[in-house]
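Every chain is numbered from 1 and lettered A, B, ... according to where its sequence line falls, protein lines coming before strand lines. The structure displayed is predicted, hence computed values, not measured ones.
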Amino acid sequence: MLLNIKYFGMLAEITNCNEETHEFSKTSVNELLAELFRKYPELEAKDFKVAQNHEIVSNDSNITAPEIALLPPFSGG
Amino acid sequence: MLLNIKYFGMLAEITNCNEETHEFSKTSVNELLAELFRKYPELEAKDFKVAQNHEIVSNDSNITAPEIALLPPFSGG
Amino acid sequence: MKERKPKNVFKEGAISSEFIGNSIAKHQSKTSIGAHNIFLGQVRADVIEDKTVAAIEYTAYEDMANEKFHEIREATFEKFNLTCMHIYHSLGTVKAGEICLFVFVSSPRRKEVFKALEYVVEEIKAKVPVFGKEVFEDSSHQWKVNS
Amino acid sequence: MKERKPKNVFKEGAISSEFIGNSIAKHQSKTSIGAHNIFLGQVRADVIEDKTVAAIEYTAYEDMANEKFHEIREATFEKFNLTCMHIYHSLGTVKAGEICLFVFVSSPRRKEVFKALEYVVEEIKAKVPVFGKEVFEDSSHQWKVNS
């Protein structure tokens, strides 16, 4: 599946982009993250959550939607 | 002692005045109220508090200041 | 700073939205503030036995009220970490829909403003001798009681 | 009314005191309202290791954020007896002393607005994907973390 991965805040500084497409042939969020950590080793040390369909999902969820967002700690307000 | 008695809100409607002087020769708030109830019988049924020196005092306190206020329930805000 | 004289909290008539906006603007030079919390009391057009409240006429035992406002201010600064606090209350006629009470607290941190604002408003309702006469559209009236 | 589409809560840049004043003025025709409560988040000029915060640059995962604001709105109307509620959050640069968050709740009764406002603000802080970059006077930066 061709995923659209979005990066926010300090994560976008590490990846040097706000979004990118990523061809993904495995199943879970954990497997996706392993691929992203290979591409961006600095990501692994960062605190962030993964959203799919605009909802936070756990790392052992399956990827079911093409839009995936990596969200560092929120600091609104 | 010559007292200056102030009436507020619905109490001023009963007494038909906002303040008046009252010659008082006894001691306690209760004794003062008895005199005022003779003058304004409708006052006796009303819910109010007495302030002396800008502080609420109990009815068995002694009158020590010349300014006495009769305050119906507060409804600020 | 301790022996400040009570300020006059009362304003004749309604408190305007422009006054509130200006009061907010004045705080933008205070850059240690992170959170403001504002309470506004607005006169309701309550319907009581088929009659509608058109306005409230406020009177107060002004000297005592300003002393009580001052005591509430001092106690609130003791209890909470606030940068500043402002209180304004109307006297005279305030029409339905208009604002009669404006309480404004500011702090570096939001947790403080929530606690402080509710404290101040409840203290005002309980301790300040202000009296509201609800005037109906037919000019009859009743005396307001806080709930 | 249930299936309202999420509105856009975001505004580019700071929220002005005039905007807040106008928003208050618009509520004066709603004469069932007795109490308003307003929270304002203001950017602090915090000093961190001798450097002073000059501004915060806000970004957001906008689609998700607007959905979360909408869910918070709906949940708040379920929990509390409110007449109306408005939320605005800045995107882009907001300088120290300027306002970046404006939450406005109104109800017939004051007890409701205190509880509702704190609930809304805490929910926003916890659930809405907004990210603040604290930019110092020397143009270096750090990422803000809510406390």
Using non-hydrogen atoms and a 4.5 Å limit, figure out which bit of [X] sits close to chain B: side chain, backbone, both or neither.
X	answer
C/K68	side chain
C/E71	side chain
C/A65	neither

Query raised in the report: Looking only at atom types and distance, does a side-chain atom of B/N59 sit under 3.5 Å from a main-chain N or O of B/V29, one as donor and one as acceptor?
Result: no
Query raised in the report: Which one of C/G41, C/C100, C/P129 has the most heavy-atom pairs closer than 4.5 Å to chain B?
Result: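 If we count pairs closer than 4.5 Å to chain B, C/P129 comes out on top.
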Query raised in the report: So which of C/I124, C/T59, C/L101, C/D63 has the biggest tally of heavy-atom pairs under 4.5 Å with chain B?
Result: C/D63
Query raised in the report: Does the pair C/K79/C/E123 count as a salt bridge with the N-to-O cut at 4.0 Å?
Result: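 Salt bridge absent between C/K79 and C/E123.
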**Report entry** C/I56 CD1 to C/F131 CZ distance, which is reported to the nearest 0.5 Å
**Finding:**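 Reported to 0.5 Å precision, the distance equals 14.0 Å.
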Query - Quiz item: cation-pi between C/K11 and C/F102, 6.0 Å / 45° - result: no
Query raised in the report: Is the centre of the B/F74 ring less than 6.0 Å from the centre of the C/Y61 ring?
Result: no
